[in-house]
Amino acid sequence: MTILIEQPIFDSQFDVKNVDSNETNELVLDGGFSMPKEVSQNGFATPEVNSFGHSFRDYDAESERQKGVEEFYKLQHINQTYDFVKKMREHYGKLDKAEMGIWECCELLNEVVDESDPDLDEPQIQHLLQSAEAIRKDYPNEDWLHLTALIHDLGKILLLPQFGELSQWAVVGDTFPVGCAFDEANIHHKYFKENPDIKNPAYGTKDGIYTKECGLNNVMMSWGHDDYMYLVAKENGTTLPSAGLFIIRYHSFYPLHREGAYTHLMNDEDRENLKWLHVFNKYDLYSKSKVLVDVEKVKPYYQSLIAKYFPAKLRW
Ligand SMILES: O[C@H]1[C@H](O)[C@@H](O)[C@H](O)[C@@H](O)[C@H]1O
Ligand SMILES: [Fe+2]
Ligand SMILES: [Fe+2]
């Protein structure tokens with residue numbers, strides 16, 4: 001049974017609120033799941049600056065932090081190759097690293113620092129809860145979306161010793177397809193010129209080894225926390241809807257969901273799910289704030305959602 005708790009209250013320095021709540025309540029049915037009639041009408045008021053006083057995702061800002069972020073992207077673009085992704089998928093597909101529940105993993109994630117993120121200045125569990133609570137406020141009935149937000153970054157445990165202690169470039173940052181040309185929409189695109197895959201002519205065209213509209217499910221994405229968490233959720237038999245799994249798997253695919261690149265690889269199901277990813281992304285990005293969520297207070301609600309959509313223990 002889902003435990004009900006009071007609606008989240010945000011009295012933050014920025015407003016996470018509905019400007020016009022009438023619009024949000026208009027729902028149409030979409031394959032068993034309700035979809036806001038006009039998602040763009042949702043009045044989530046996005047703040048202009050991050051915790052450091054910079055605009056969000058400003059990868060050109062002059063700051064010490066940005067230098068580190070650029071260094072990160074250099075390594076990521078050089079090292080994420082088709083063969084590397086294939087190896088990672090095989091290796092982590094065994095799911096033989098640990099057995100634990102979702103909440104346990106949320107707590108574990110607190111030990112992780114994400115060097116690719118220019119906006120986040122709080123522990124990871126706060127980022128999970130801040131995005132989940134902000135979504136819960138605007139979409140109270142979509143409990144699957146609250147849970148999706150809670151778990152979307154859990155794959156970052158790949159940075160921890162028990163999960164292989166992968167380098168930052170193999171875990172975080174924006175993602176992109178391998179096996180086809182690297183689109184200019186990727187941030188710090190120039191560093192791809194040192195990626196060995198560009199010497200392989202089969203990977204050099206817009207479609208590369210793929211065919212038009214083949215569906216993202218058939219595309220190899222750079223390896224990281226998105227694909228890993230998708231794998232874990234799917235293989236452990238989650239009952240989350242396809243849109244939830246899509247969000248988990250492609251939330252770092254900014255070249256697609258923010259810049260509109262690589263859309264020629266999408267099929268109809270992807271296009272449907274992308275609408276929900278657009279909704280989710282606002283909360284993922286703009287809920288990063290210094291106003292902390294009271295973990296103990298919201299924990300019973302999220303534990304009840306976990307019990308609804310996941311087994312008690314999962315293989316990781
Ligand atoms: O720096 C961020 C962060 O690592 C996020 O978790 C990821 O989803 C983003 O796409 C990335 O750019
Ligand atoms: Fe992420
Ligand atoms: Fe996130």
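As the structure is a computational prediction, the values presented were derived from the model and not from experiment.
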Would you say the side-chain atoms of [X] pair up with the backbone N or O of [Y], donor to acceptor, closer than 3.5 Å?
X    : Y    : answer
S252 : T175 : no
D284 : F280 : no
Q168 : V113 : yes
D153 : H225 : no
N50  : K288 : no

[X] [atom1] to [Y] [atom2] distance, which is reported to the nearest 0.5 Å:
X    : Y    : atom1 : atom2 : answer
Q162 : M100 : CD    : CE    : 6.5 Å
I306 : C106 : CD1   : SG    : 5.5 Å
Q124 : K156 : CD    : NZ    : 4.0 Å
R65  : D121 : CZ    : CG    : 6.0 Å
I135 : K282 : CD1   : NZ    : 10.0 Å
I247 : N281 : CD1   : CG    : 10.0 Å

query: Would you say E184 has more than 12 foreign heavy atoms packed within less than 6.0 Å of its CD?
result: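 Check fails, neighbour count at 12 or below.
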query: Hey, is CD on E122 packed in by over 12 heavy atoms from elsewhere, all under 6.0 Å?
result: yes
Determine which pairs satisfy salt bridge (charged side-chain N to carboxylate O under 4.0 Å, His left out) with at least one residue from [range], sequence neighbours left out, and list them in order.
range            : result
residues 69-84   : E70-K190
residues 212-224 : D207-K212, E213-R271
residues 221-242 : R89-D227, D227-R249
residues 301-316 : E104-K313, D143-K308

Partner residues of [X] under the salt bridge (Lys or Arg N to Asp or Glu O under 4.0 Å) criterion, sequence neighbours left out:
X   : result
E99 : none
D58 : none
K67 : E64

In this structure, would [X] and [Y] fall into the same cluster of hydrophobic residues linked by side-chain contacts under 4.5 Å?
X    : Y    : answer
F310 : I248 : yes
L150 : L292 : no
L160 : M229 : yes
L95  : L314 : yes

message: With ring-ring contact (aromatic ring centres under 6.0 Å, His included) as the criterion, how do F56 and Y286 come out once you've worked through the C-alpha distance, each side chain's angles and the decisive distance to 0.1 Å?
response: CA-CA 8 Å; F56 284 83; Y286 297 109; 4.9 Å; yes
- request: Start with the C-alpha gap between V295 and Q126, add the side-chain angles, then the distance that decides, and say whether side chain to side chain contact (heavy atoms under 4.5 Å, CB included) holds.
  value: CA-CA 8 Å; V295 181; Q126 280 299 327; 3.8 Å; yes
- request: Check each of F84, F72, Y191 against W169 using the ring-ring contact (aromatic ring centres under 6.0 Å, His included) test, and report the only one that passes.
  value: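 Testing W169 for a ring-ring contact (aromatic ring centres under 6.0 Å, His included) against F84, F72, Y191 leaves exactly one candidate, F84.
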field: Partner of Y92 under ring-ring contact (aromatic ring centres under 6.0 Å, His included), chosen from W223, W316, F163
entry: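 In the set W223, W316, F163, the residue that makes a ring-ring contact (aromatic ring centres under 6.0 Å, His included) with Y92 is W223.
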Are [X] and [Y] side-chain neighbours, meaning at least one heavy-atom pair lies under 4.5 Å?
X    : Y    : result
M220 : I209 : no
L120 : D114 : no
F176 : H77  : yes
F182 : I198 : yes
L109 : I125 : no
V172 : D117 : no
V178 : Y203 : no
L128 : I151 : no

- request: For L285 and Y254, run side chain to side chain contact (heavy atoms under 4.5 Å, CB included): C-alpha distance rounded to whole Å, both residues' side-chain angles, the deciding distance at 0.1 Å, then the answer.
  value: CA-CA 11 Å; L285 189 55; Y254 276 83; 4.0 Å; yes
task: Any ring pair (Phe, Tyr, Trp, His ring centres under 6.0 Å) involving residues 109-136? Give me the pairs, sequence neighbours left out, ordered by first then second residue.
output: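 Residue pairs passing ring pair (Phe, Tyr, Trp, His ring centres under 6.0 Å), neighbours aside: H127-H152.
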- prompt: What is the ring orientation for H146 with Y301, classed by angle as parallel under 30°, tilted 30 to 60°, or perpendicular over 60°?
  reply: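 Plane angle between 30° and 60°, so tilted.
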Donor-acceptor pairs under 3.5 angstrom involving side-chain atoms of residues 256-263: please list them, not counting sequence neighbours.
residue	atom	partner	partner atom	Å
H257	NE2	H251	O	2.8
Y262	OH	D183	N	2.8
Y262	OH	N186	ND2	3.1

Heavy-atom closest pair, residues V171 and G155: CG1-O, 4.2 Å
query: Do Y250 and D270 have side-chain N/O donor and acceptor atoms under 3.5 Å apart?
result: no
- prompt: Can Q76 and S222 be counted as having a side-chain donor-acceptor contact under 3.5 angstrom?
  reply: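 No pair is found: no donor N or O on one side chain lies under 3.5 Å from an acceptor on the other.
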message: Using the rule given for side chain to side chain contact (heavy atoms under 4.5 Å, CB included), can you reason through S167 versus L75, listing the C-alpha separation, both sets of side-chain angles and the distance that settles it, and then say yes or no?
response: CA-CA 10 Å; S167 303; L75 289 174; over 6 Å; no
- prompt: Listed by chain and number, what are the ring-ring contact (aromatic ring centres under 6.0 Å, His included) partners of Y230, not counting sequence neighbours?
  reply: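 Counting only residues at least two positions away or on another chain, Y230 forms no ring-ring contact (aromatic ring centres under 6.0 Å, His included).
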message: Taking side-chain contact (heavy atoms from CB on, under 4.5 Å) as the definition, give me every residue that meets it alongside Q66, ordered by chain and number, with sequence neighbours left out.
response: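 Once residues adjacent in sequence are excluded, the partners of Q66 under the side-chain contact (heavy atoms from CB on, under 4.5 Å) criterion are Y59, A61, S63, V69, P118.
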task: Could I get the full list of side-chain contact (heavy atoms from CB on, under 4.5 Å) partners for P196, not counting sequence neighbours?
output: T81
query: Passes salt bridge (charged side-chain N to carboxylate O under 4.0 Å, His left out), E133 versus R136? Steps please.
result: CA-CA 5 Å; E133 285 288 275; R136 185 163 73 87; 2.7 Å; yes
Stepwise side chain to side chain contact (heavy atoms under 4.5 Å, CB included) check, L216 with F253: CA-CA 11 Å; L216 294 180; F253 194 4; 4.2 Å; yes
task: Could you tell me whether R57 and D174 have a side-chain N and a carboxylate O separated by less than 4.0 Å?
output: yes
